[in-house]
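Below: one structure, written as structure tokens.
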2 protein chains.
Amino acid sequence: MTVLPADAVTELIRVLPADQVLTDPDVMATYSRDHTFLQPGKPLCVVLARHRDDVVATMRWASAHRIPVVPRGAGTGVSGGATATDGCVVLTLDRMTAIVELNPEDELAVVEPGVITADLDRAARAHGLMYAPDPGSYEISSIGGNLATNAGGLRCVKYGVTRDSVLGLEAVLADGRVMATGRRTLKGVAGYDLTSLFVGSEGTLGVITSATLRLRRAPLVPPATVAAEFPDVRTAAAASGAIVSAGLRPSMLELLDRMGLQAIDDMRSIGLGANVGAMLLIQCDDPDPQPGAEEMAKLCRQAGASFVAVSSDEAESAELIGIRRMAYPALERLGQLLPEDVCVPRSALSEMIERIAAISASSGVPIGCAAHAGDGNLHPVFVFDRGLPEPPPEIWAAAEEVFRAALDLGGTLTGEHGVGVLKRRWLELETGPVVADVQRSIKHALDPLGILNPGKAI
Amino acid sequence: MTVLPADAVTELIRVLPADQVLTDPDVMATYSRDHTFLQPGKPLCVVLARHRDDVVATMRWASAHRIPVVPRGAGTGVSGGATATDGCVVLTLDRMTAIVELNPEDELAVVEPGVITADLDRAARAHGLMYAPDPGSYEISSIGGNLATNAGGLRCVKYGVTRDSVLGLEAVLADGRVMATGRRTLKGVAGYDLTSLFVGSEGTLGVITSATLRLRRAPLVPPATVAAEFPDVRTAAAASGAIVSAGLRPSMLELLDRMGLQAIDDMRSIGLGANVGAMLLIQCDDPDPQPGAEEMAKLCRQAGASFVAVSSDEAESAELIGIRRMAYPALERLGQLLPEDVCVPRSALSEMIERIAAISASSGVPIGCAAHAGDGNLHPVFVFDRGLPEPPPEIWAAAEEVFRAALDLGGTLTGEHGVGVLKRRWLELETGPVVADVQRSIKHALDPLGILNPGKAI
């Protein structure tokens with residue numbers, strides 16, 4: 001049954017309330033972009049889902065008419081995973097914001113996908129619990145988007161990535177059937193692990209409409225913070241390695257390079273010494289955080305830190321960690337940014353940073369670097385001219401050199417941002433043709449018409 | 001191309017050394033059973049793989065002739081996942097025992113599937129590291145089998161199940177292609193999570209030929225152990241819940257019920273008092289384990305323990321933990337055992353144990369119960385007559401009541417043993433028809449001829 005697109009939309013309005021099917025071009029435009037420079041296509045319409053059944057109705061209709069569906073959370077992605085394509089339906093879950101259950105006894109929450117990540121964390125803290133995953137965007141990104149990209153964050157050095165906090169999911173499949181994966185228990189091996197398959201699948205296998213998430217005990221006292229300055233990246237990386245190897249469990253272990261620090265100092269003077277080549281910002285949230293923080297500080301000194309400060313004062317801690325949060329805004333003063341996201345084995349961290357510096361020097365492209373050092377996850381940030389609509393070829397050429405260096409060191413193209421649109425052309429470099437083929441066959445098995453977020457992720 | 005089975009075997013001997021293709025009936029019989037009562041079928045032959053390429057050759061040959069392949073590790077499974085079927089090839093990986101790499105800096109190991117789990121742990125400890133997953137069978141089971149069933153264990157209350165220690169896999173697909181999933185890094189979101197899909201898939205999607213496993217820092221001092229006696233299961237379960245809720249992180253938190261304790265006391269007198277209804281055996285492996293253990297002991301007393309002992313002496317600790325290890329041998333003196341494996345949300349632990357006791361009372365079937373209490377994972381052990389070849393219908397009827405009770409309490413049919421053959425008939429009760437259908441479609445996508453361990457797991 002082939003119908004004209006306009007007739008298809010009319011039909012959709014018959015099964016969904018009219019105020020949930022938006023066709024105004026300006027409104028649609030706001031639901032078509034994510035946080036990349038990518039120029040989106042023109043959707044047929046935007047569906048505002050308020051309930052799982054709206055998603056079911058949309059997917060049934062889309063299957064009947066073979067209309068592509070681009071699922072969308074808060075639209076804060078940086079890989080293009082939620083970018084609209086021409087003639088698609090944007091299915092936005094940002095109105096499904098219910099925390100359906102918050103169960104302190106079993107330390108779990110059942111939430112709709114539109115819940116803002118930090119809101120869930122705050123709701124959990126009212127019960128002495130926390131939702132551990134904290135991507136940089138967690139005040140503006142939603143659980144659904146975090147699930148779609150298997151988002152990381154600062155605390156995942158201790159608590160793991162989003163996947164590690166997911167017990168089960170409810171998802172609507174391409175044909176509108178509803179599937180519940182996983183369970184409410186901590187362990188379980190009944191059947192294939194479809195929960196893990198859907199986490200990180202960027203909306204290409206189904207639309208997540210509910211998640212059962214694991215909460216953890218929140219620390220009772222504020223964390224202690226260590227800020228350590230190093231003459232160069234190599235000594236900072238060595239200190240990071242020593243902290244992890246000593247079996248200490250930092251709840252945050254961040255590295256900033258000179259370029260990032262310089263930009264921050266230029267924006268808001270932090271008294272940066274001329275001989276500071278790198279900084280580690282570390283937190284310890286142990287039940288008694290001070291001894292762990294002192295131990296970490298000692299290892300920083302032993303590795304060659306020129307200056308080390310330890311604080312368990314909450315305001316002072318926040319100020320120190322604030323330095324990390326300033327990195328992107330500070331670098332943005334230099335031009336437009338392409339924030340990248342490679343991950344290498346921890347032992348290769350300093351070599352990776354040095355290779356990035358060499359690529360920057362040889363290409364002439366300014367690349368600042370912040371890293372979740374404890375995980376070996378680096379965010380090289382490529383700076384390009386503000387006037388340009390998108391990163392010019394020399395930026396992509398330098399980025400490709402960085403990707404190849406990461407793979408060469410046993411690493412991956414993306415630690416936590418996802419593949420989206422921007423990394424698809426390099427993906428097979430990492431996975432090889434057999435994995436690529438298996439991924440396509442799984443995609444085909446679950447979405448034979450190819451209507452779920454086509455052209456993304458795999 | 002259809003050939004007679006005997007001709008097919010002759011053809012296999014042409015591509016594999018003759019001493020790796022076994023057809024002696026007695027030898028084949030030893031490779032046909034696992035640790036269940038299940039009567040295996042008669043295989044065509046047994047292939048002893050010594051190298052990945054042997055697996056490739058076997059799968060190519062099996063695909064060409066549409067011959068079913070039953071992959072096999074150490075054969076210690078308790079769900080029938082490695083049981084031979086008539087006319088199959090048993091592909092045993094137990095000769096692939098190389099620890100290919102043990103990398104202390106990146107805290108990872110690359111191993112072949114036949115490595116005995118405890119051997120890897122010991123090898124890691126020589127470098128101050130450990131391999132955390134420790135299924136009850138870990139001195140006799142292999143990594144490959146642990147991966148196939150996503151095995152749990154005692155320490156997973158703190159360190160997670162097998163899946164949580166897997167970074168990447170190499171697997172041979174049904175058609176003989178070799179696929180490398182995952183990575184050597186701690187984070188990564190490039191493409192679907194095929195690693196998690198293969199872990200727990202019980203040899204139905206591919207044959208794992210290598211695994212990149214995460215190691216962890218081993219504690220520097222021996223753990224401290226708490227043994228606590230309670231008047232009943234409810235107070236013991238309450239103590240277990242209090243320990244977890246307090247944010248303490250026991251590295252072991254085991255519960256034994258009266259029937260198990262009685263059997264142990266009958267076998268080797270442990271001085272069990274008449275009023276002891278349940279026991280918790282707890283370990284703390286914190287860097288300084290004594291304060292944590294004391295805190296756990298205090299919570300046991302507060303919950304109503306009648307007797308609590310704390311020990312940081314290594315020999316005494318081993319003796320206390322030995323009580324837990326005696327449960328199965330002790331119950332075996334009462335008859336043949338059907339060891340089961342349900343998991344419920346932690347808050348439902350004591351209700352689940354009470355329901356098991358009620359099912360035992362109403363059915364007249366003796367059911368002892370040990371539990372990984374911190375995870376809500378229970379092992380009800382059904383006792384039946386030694387003379388019988390398999391559990392009689394009344395045992396299965398009681399087991400089904402237990403399964404339904406677990407599902408009713410929000411739990412799962414299997415926390416760590418896997419589905420194998422024995423639990424297939426109940427699986428859809430838990431997953432529902434949509435998940436069952438999705439699992440079949442994924443199976444079909446990866447193994448269109450249906451030759452990989454047919455009739456198992458899904």
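The sequence lines fix the lettering, A, B, ..., with proteins before strands; numbering per chain opens at 1.
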Pick whichever of B:Leu108, B:Leu129, B:Val244, B:Leu167 has the most heavy-atom pairs under 4.5 Å with chain A. B:Val244
Which residues pass the salt bridge (Lys or Arg N to Asp or Glu O under 4.0 Å) test with B:Arg425, sequence neighbours left out? none
Does any backbone or side-chain atom of B:Asp164 lie under 4.5 Å from a heavy atom of chain A? Answer side chain, backbone, both or neither. side chain
Proximal component of B:Lys423, with respect to chain A [non-hydrogen, under 4.5 Å]: neither
List in chain and number order the residues that pass salt bridge (Lys or Arg N to Asp or Glu O under 4.0 Å) with A:Glu107, two or more places apart in sequence or in another chain; answer none if no residue qualifies. A:Arg217, B:Arg346
State, with a plain yes or no, whether a side-chain heavy atom of B:Ile442 is found less than 4.5 Å away from one of A:Leu446. yes
Which residue out of B:Arg216, B:Lys443, B:His444, B:Arg424 racks up the most heavy-atom pairs below 4.5 Å with chain A? B:Lys443
Under 4.5 Å from any heavy atom of chain A, what part of B:Thr195 do you find: side chain, backbone, both or neither? neither
A:Ala180 versus chain B, heavy atoms under 4.5 Å apart: side chain, backbone, both or neither? backbone
Distance from A:Cys343 atom SG to B:Arg183 atom CZ, nearest 0.5 Å? 8.5 Å
Between A:Asp375, A:Val419, A:Asn150, A:Val342, which residue shows the highest count of heavy-atom pairs closer than 4.5 Å to chain B? A:Asp375
Non-hydrogen side-chain atoms of B:Val434 and A:Val178 separated by less than 4.5 Å: no
Most heavy-atom pairs under 4.5 Å with chain A, out of B:Arg249, B:Arg163, B:Glu430, belong to B:Arg249
Region of B:Leu220 that comes under 4.5 Å of a non-hydrogen atom in chain A: neither
Minimum heavy-atom distance B:Ala445-A:Ser441, with the two atoms named: CB-O, 3.7 Å
Tell me the residues of residues 151-158 of chain B whose non-hydrogen atoms fall below 4.5 Å from those of chain A, in number order. B:Gly152, B:Gly153, B:Cys156
Shortest non-hydrogen contact from B:Lys187 toward A:Asn377: NZ-OD1, 2.7 Å
So which atom in B:Ser196 and which in A:Ser196 form the shortest heavy-atom distance, rounded to 0.1 Å? CB-CB, 3.3 Å
For a quick test of reading the model, state the closest non-hydrogen atom pair linking B:Tyr192 to A:Gln439 and the distance between them. N-NE2, 2.9 Å
Could you have a look at A:Val161, A:Leu194, A:Leu413 and say which one has the most heavy-atom pairs with chain B under 4.5 angstrom? A:Leu194
What residue, out of B:Thr414, B:Leu197, B:Val189, B:Leu205, has the most heavy-atom pairs lying under 4.5 Å from chain A? B:Val189
Only pairs at least two apart or in different chains count here, so list each ring-ring contact (aromatic ring centres under 6.0 Å, His included) that has a residue in residues 408-442 of chain A. A:His379-A:His417, A:Trp396-A:Trp426, A:Phe403-A:Trp426
Closest non-hydrogen atoms of A:Leu427 and B:Ala190, given as atom of the first, atom of the second and distance, are CD1-CB, 3.6 Å
Any idea which of A:Ser201, A:Gly191, A:Gly200, A:Ser245 has the most non-hydrogen atom pairs under 4.5 angstrom with chain B? A:Ser245
Measuring heavy-atom distances to chain B, does A:Arg184 have an atom under 4.5 Å in its side chain, in its backbone, in both, or in neither? both
Proximity breakdown for A:Asp437 and chain B, heavy-atom pairs closer than 4.5 Å: side chain
Over all atoms of both residues, closest heavy-atom pair of B:Thr185 and A:Pro345: CG2-N, 3.4 Å
Most heavy-atom pairs under 4.5 angstrom with chain A, which of B:Val438, B:Thr431, B:Thr181? B:Val438
Under a 4.5 Å heavy-atom cut-off, does chain B meet the side chain of A:Arg440, its backbone, both or neither? neither
Identify which part of B:Glu416 has an atom lying under 4.5 Å from any heavy atom of chain A, answering side chain, backbone, both or neither. both
